[in-house]
Q: 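Before we start, here is the structure in question, set down as structure tokens.
Numbers here are sequence positions counted from 1.
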Amino acid sequence: MKTGASRFFKPRGACHLAVALAAVMAVPAQAEDLRAAVAADMPALMELYRDLHANPELSFEEIETAAKLAARLRALGFEVTEGVGKTGVVGVMRNGDGPVVMLRADMDGLPVVEQTGLPYASKRTATPASGVETGVMHACGHDTHMAGWIGAAQLLAERKDQWRGTLVMVGQPAEEIGEGALAMLADGLYTRFPKPDYVLAFHDAAQFPAGMIGYSPGYALANVDSVDVVVPGVGGHGAYPHTTRDPIVLASAIVMKLQTLVSRENSPLEPAVVTVGSFLAGSKHNIIPDEAKLQITVRSYSDENRQRLLDGIARIARGEAIAAGMPEDRMPTVTVADPYTPSTFNTVDFTEQVAASFRARFGPDRVMQVPSVMGGEDFGQFLRASPDDVKSLIFWVGGVPQDQYDRAQRGEITLPSLHSPFWAPDAEKVIATAAEGLAAASLELMPASGG
Ligand code: ZN
């Protein structure tokens with residue numbers, strides 16, 4: 001395969017176009033019905049949201065969270081399995097012959113001390129792998145994801161006469177550490193449960209007004225690699241540098257040379273990031289240490305470009321060490337974290353199809369194509385696990401309260417980003433938009449007429 005894109009892009013047959021067309025034509029009556037139902041469900045969904053927000057749990061520790069979701073799915077009539085991929089939840093609703101649609105929500109919070117001042121702000125603490133106790137917060141909005149996802153499940157469970165197929169609800173753990181999707185797949189998500197034809201999810205967005213929908217056909221989020229470089233030197237007295245091999249100077253040369261991976265070796269038309277986020281060495285003014293450590297984040301879209309960047313880091317680290325006169329047995333070691341978070345690819349024609357129906361439903365002002373981002377999501381694993389059979393889309397739902405968005409546009413305030421201790425989305429709009437959007441897309445993909 002030449003590029004990652006060609007691996008995932010597949011043309012679609014005419015029958016799917018017919019489905020899309022029928023869906024667009026069917027929108028008006030159904031739109032009113034779904035929207036009214038969402039409005040009626042909102043008080044209960046907001047109650048769920050506030051409970052989830054006040055009680056976040058870290059990656060792979062989503063015990064209470066998973067239990068709450070499992071109970072709700074059971075009450076709606078799903079066959080529910082817990083403990084899939086450690087703490088994941090799978091709910092299956094079989095409703096006759098038809099496609100299998102999987103809706104995914106992620107469940108984990110972040111080690112962030114919440115500072116939103118909301119009445120239902122999290123006061124939870126936990127001790128992550130680092131060993132240092134911290135506050136825990138749904139600073140990425142996964143609480144809105146779960147509430148919108150339950151909202152969609154409810155709408156679809158109440159409308160079984162309007163669709164034919166199988167609905168698979170996936171509550172995924174550990175998105176924030178990039179391991180949850182893989183854990184669920186390794187635990188038989190596609191073998192013990194119906195394998196999806198379509199996989200859908202949404203993520204709240206901290207740069208769009210609340211209720212906006214954004215989508216990116218093709219690559220939507222990046223490959224995320226964490227790379228550790230240990231640079232040995234020969235330590236000694238700071239006043240006698242000629243008796244040492246200074247790892248600080250060597251690591252500095254590596255840092256500078258790494259800049260050329262993007263500026264000189266990468267196609268200007270291909271997005272890539274190499275950021276040295278941590279540089280640790282030494283303990284005192286007059287001591288040359290015997291080691292320096294670099295921590296690097298590497299972002300890319302295609303698998304080929306990812307490998308090129310990773311190979312380049314190893315090549316530059318070694319080359320600079322040779323230039324510094326380091327002996328062969330004192331070369332830098334380069335470690336790439338495994339597993340990594342792979343890029344997320346939105347199946348192009350499927351994305352355009354859902355976007356067209358969203359436009360018809362929500363109006364063109366609320367639905368826009370947006371640039372891809374260099375952030376990461378492990379949602380891409382669900383496509384990569386079966387690239388020939390699965391079509392996948394993750395879309396954004398704007399969460400910025402309108403007044404804050406307007407003030408930011410006027411330059412009066414700076415908006416908090418996702419993962420900020422101040423991120424407080426307009427949850428009501430995110431949840432209502434997402435519940436309606438996920439349910440509407442599912443109804444269109446599993447038409448009662450059989451398509
Ligand atoms: Zn997230």
Side-chain angles (χ1 to χ4, degrees), residues 12-45 48 69 72-80 90-105 146-170 193-202 213 350-363 366-367 390-393 395 397 431-451:
R12 295 179 61 96
C15 66
H16 293 104
L17 288 175
V19 171
L21 211 61
V24 170
M25 288 159 60
V27 158
Q30 193 199 75
E32 281 172 33
D33 164 51
L34 278 184
R35 199 155 297 164
V38 170
D41 293 344
M42 277 314 290
L45 292 175
L48 169 65
L69 300 184
R72 293 202 176 231
L73 291 178
R74 267 193 200 103
L76 291 171
F78 287 81
E79 299 160 39
V80 177
V90 181
V92 177
M93 184 170 283
R94 295 170 210 269
N95 190 27
D97 286 342
V100 179
V101 172
M102 179 181 126
L103 304 182
R104 173 270 211 173
M146 290 183 275
W149 174 88
I150 285 287
Q154 191 167 329
L155 293 170
L156 292 164
E158 288 164 353
R159 284 166 183 71
K160 286 180 79 173
D161 57 326
Q162 293 179 27
W163 56 277
R164 287 284 171 275
T166 300
L167 178 62
V168 181
M169 301 297 293
V170 169
F193 306 95
K195 185 171 156 186
D197 299 298
Y198 303 101
V199 181
L200 279 162
F202 79 98
I213 292 179
F350 174 52
T351 300
E352 299 285 9
Q353 174 191 336
V354 174
S357 80
F358 278 174
R359 251 190 216 99
R361 164 174 293 276
F362 294 104
R366 278 181 69 185
V367 183
V390 173
K391 297 182 192 314
S392 120
L393 166 62
F395 56 92
V397 177
I431 293 165
T433 305
E436 183 182 340
L438 289 173
S442 303
L443 288 172
E444 289 163 18
L445 293 168
M446 300 184 285
S449 61

Q: Below 4.5 Å, heavy atoms only, C-beta onward: do Lys160 and Leu167 meet side chain to side chain?
A: no
Q: I'd like to check the ring-ring contact (aromatic ring centres under 6.0 Å, His included) partners of Phe193; sequence neighbours left out, ordered by chain and number.
A: none
Q: Once salt bridge (charged side-chain N to carboxylate O under 4.0 Å, His left out) is applied, do any residues pair with Arg159, and if so which ones, sequence neighbours excluded?
A: Asp33
Q: Can you list everything that forms a side chain to side chain contact (heavy atoms under 4.5 Å, CB included) with Ala153? Sequence neighbours excluded, please.
A: Leu73, Leu76, Phe78, Met169
Q: Locate the shortest heavy-atom distance separating Ala435 from Leu155; write the atom from each residue and the value.
A: O-CD1, 3.7 Å
Q: So Phe358 and Glu436, do their side chains get closer than 4.5 Å, heavy atoms only?
A: no
Q: Between the main-chain N or O of Trp163 and the side-chain N or O of Asn95, is there a donor-acceptor pair closer than 3.5 Å?
A: yes
Q: Search all heavy atoms of Ser357 against all heavy atoms of Glu444 and return the closest pair with its distance.
A: OG-OE1, 2.8 Å
Q: How would you list, by chain and number, every residue that makes a side-chain hydrogen bond (donor to acceptor under 3.5 Å, both in side chains) with Thr433, sequence neighbours excluded?
A: Arg366
Q: Indicate yes or no: at least one non-hydrogen side-chain atom of Leu48 is less than 4.5 angstrom from one of Ile431.
A: no
Q: Sequence neighbours excluded, which residues qualify as side-chain hydrogen bond (donor to acceptor under 3.5 Å, both in side chains) partners of Gln154?
A: Asp41
Q: Measure the spacing between CD1 of Ile150 and CG of Leu438 and express it to the nearest 0.5 Å.
A: 11.5 Å
Q: Please name all residues satisfying side chain to side chain contact (heavy atoms under 4.5 Å, CB included) with Pro194, sequence neighbours left out, ordered by chain then number.
A: Val92, Arg94, Val100, Thr166, Val168
Q: Lys195: what forms a side-chain hydrogen bond (donor to acceptor under 3.5 Å, both in side chains) with it, not counting sequence neighbours?
A: Ser386, Asp389
Q: For residues Leu156 and Leu103, determine if any side-chain heavy atom of one lies less than 4.5 Å from a side-chain heavy atom of the other.
A: yes
